[in-house]
Each structure stands twice: as structure tokens, then as C-alpha cells.
Amino acid sequence: MMLADSYGRVATDLRVSLTDRCNLRCTYCMPPEGLDWLPREEVLTSGEIARLLRIGVELLGIREVRFTGGEPLLRRDLVSIVASAASLTPRPEISLTTNGIGLTRRAADLREAGLDRINVSLDTLRSEVFRKLSRRDRLPDVLDGLSAAADAGLTPVKVNTVLMRGINDSEAPGLLRYCLERGYELRFIEQMPLDAQHGWSRTEMITADEIFGLLSSSFTLTPDEERARGAAPAETFLVDGGPVRVGVIASVTRPFCGACDRVRLTADGQVRNCLFAREESDLRSALRGGASDEEIAARWTAAVASKLPGHGINDPSFLQPDRPMSAIGG
Ligand code: SAM
């Protein structure tokens, strides 16, 4: 069985949200007071996640697993969840998207458990801006977490940056220089309409074209012909002739839905075909209701079969999904 949709795409990359909670309060993601978190009993246990991972990998052709959230490092059982993914056959590629807080203590154990790679989110190198943006004073923890990830061999260490007008856009060249000096791969992500406060606006968003402009004052960027993009969301560019690169994820201005190979599982066990999907399919009630592996696989297959051709952000009728990014799993 495969997770195929009716547009010829096959989902092989599973994004698993492990929690909707976060220890930061980034202004473009959630309000200062946080959100109404999922009740604990609705969040999948590590045993339930392990079972869905096994069904995904062994029955449905999942080949890459990325853990995200909310903040996945808030799960105390993260190491055992990673280990359960690493024990599967064929063994999937395993990666983690995190804000990096607490990585200094956990990077080596995660590596040992089978984590292959890491993406750390970093929007600024200025403490004052970090404090304003994330409403927490944790920049040193994030930077230390990044270097701990590199020391533990969680490479290539990737850094994700969302640029916002008048807030951190002037830092684009500085962030790239910082990453190049340390061997991290930086990817700029266009801000998407997924914030809990529904404050996103197209004119405020920094577009991919603007990102090139901001970087071009300090670097020469050329398209990276060698690296086939495939289903990767990032378009990559050689910096000053290479071999170092920078990526841009232009979800809004250059959508890449036609090559999408992703499927998502929320922390409460719902399958979603897209960050912007308005529908979910409930695997948790099947899991808890005594369904067999084959029944769960069939439900999952049916969910992916109905995947829409595109995210629709640019359609006049676009409606932001009910759940914000932190609850879907970014
Ligand atoms: N807590 C983890 C982290 O910080 O990476 C994982 C979850 S977080 C939602 C994943 C990524 O989504 C982060 O890089 C964050 O900056 C990004 N993000 C959050 N809201 C976004 C938005 N509205 N548009 C684009 N990216 C967003």
C-alpha cells in the first residue's frame, strides 16, 4: 500500500507533531498568554506514536519522519520516540524541528537514539529583538543548542528563519554570515497565514524576491543547478560561487504543492494533508477503539487519497485553517 492521492503524488515524508505546547511565544505564531492547549489525555502517548510510525513505515511507505510541534523538546519521552522510529524497517530518515532550547542537554542522547538531522529556528541574533519576537529572553540557549547539535553530529544543521518587515529583515545578511561561519545551512521561510491571531498580511510578508534583494547587497547568489530540488520545499542557491548554500522556502509566492510528498500527524492523532488543510482524519479514535493495523492503514490511505492539488493561499476564497501552526505541527 502507498499513501497516494488522486493527483499522482505519493506521501513518503511524515511530519509528526509531538505536542502543541511551546516555551516561546513568538508574536507571529501565538498570543502572549499562549493557547488553549490540548488536554493531556487527547495527546498521543509514546506507545501510540510508535504504533502509528510502524504502520506508516512498514505498511504505507513512509521513508522520512520529522518530529515537530509546538516544541518537541518539551516531550520528556522524545528520546524513546526517536528510538522507536529508528528501530523500524526500512529505517526512516529521522529529523527534528526545534527552537533549540534544552538541546545542549539532549543533543547527544537524541543522536544516540537515532536522530539524523536537526532544524533549529532562529529569527535574530540580537537579544533585544529575540526578546520582543519570542517574548522570552532565551537567545543564548538557542545559540548554544545549535552548537550542541553540530557537536553531536546532527548534521547538516539547518537553521530556519522567518523574516518580518521592520523587525528582523535587516538581519538577513548577518544571519547568513553567522550560519556560513559555523557550517549551518540557512533557509529563509516566507511567513504564512497560520498564526493563531490571524494577523498575517500579504503586504507585511517578506517575499522570496525581497529576500534575494536583501542578501544580494552582501552576497552573490546563483541557482544551485546540481542539487535537484525534488519534493524539497527549499530552493537552494550557491553563495559566492559555493560550495556553501542558502535556501528559500517560498510557500506563498512560489508554491511547490505539485511536488509535495508530505503528510502530517497532529499531536492528538489527526492526519492532515497540508498545513492549510481544512479537513482532518481521526486516527486516534481508531487506535483507541481497538482497530487493527490494517484498518488504521486503510483509514490513513483514504485520508491521503483526498488530498487537494494545492494549498490555496492565493485563491480569493482562501480561508485560514482553524488550527494555528503550533497545533498542526510546523
Ligand atoms: N518549536 C519548533 C521550532 O521552533 O522550530 C517547531 C514548531 S515551529 C511552529 C516550526 C517553524 O515554523 C519555526 O521555524 C517557526 O518559525 C515557523 N513558523 C511559525 N509560524 C509561522 C508562520 N506563520 N509562517 C511561517 N513560518 C512559521
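As the structure lists them, so they are numbered: ligands from 1, and atoms in each ligand from 1. Only this structure's heavy atoms are used, side chains among them; waters, hydrogens and symmetry mates stay out.
- Under 4.0 Å from ligand 1, not a single heavy atom of Asn119 appears.
- The proximity of Asn160 to ligand 1, defined as any non-hydrogen pair under 4.0 Å, is limited to the side chain.
- The side-chain tip of Arg254 does not point at the ring of Phe256 from less than 6.0 angstrom away and within 45° of straight on.
- Aromatic pair Phe237/Phe212: centroids less than 6.0 angstrom apart.
- Contacts with ligand 1 closer than 4.0 Å are made by heavy atoms of both the backbone and the side chain of Tyr28.
- Residue Thr68 touches ligand 1 through its side chain alone, judged by heavy-atom distances below 4.0 Å.
- Between Phe276 and Phe318, the ring planes are perpendicular. Angles over 60° get that label, and only those under 30° would be called parallel.
- Among all non-hydrogen protein atoms, the one lying nearest atom 11 (C) of ligand 1 is Ser121 OG, 4.1 Å.
- Side-chain contact of Arg138 with Asn99: a donor-acceptor pair under 3.5 Å is absent, judged by distance alone.
- In this structure, atom 12 (O) of ligand 1 lies nearest to the protein heavy atom Met325 CE, 3.3 Å.
- For a threshold of 3.5 Å applied to N or O pairs, the pair formed by Glu71 and ligand 1 contains at least one separation below that value.
- Between the choices Arg15, Arg66, Glu190, Met192, the shortest heavy-atom distance to atom 22 (C) of ligand 1 belongs to Met192.
- An N or O contact shorter than 3.5 Å links Gly70 to ligand 1 by distance.
- Taking only non-hydrogen atoms, the option from Pro193, Ser134, Gly69 nearest to atom 7 (C) of ligand 1 is Gly69.
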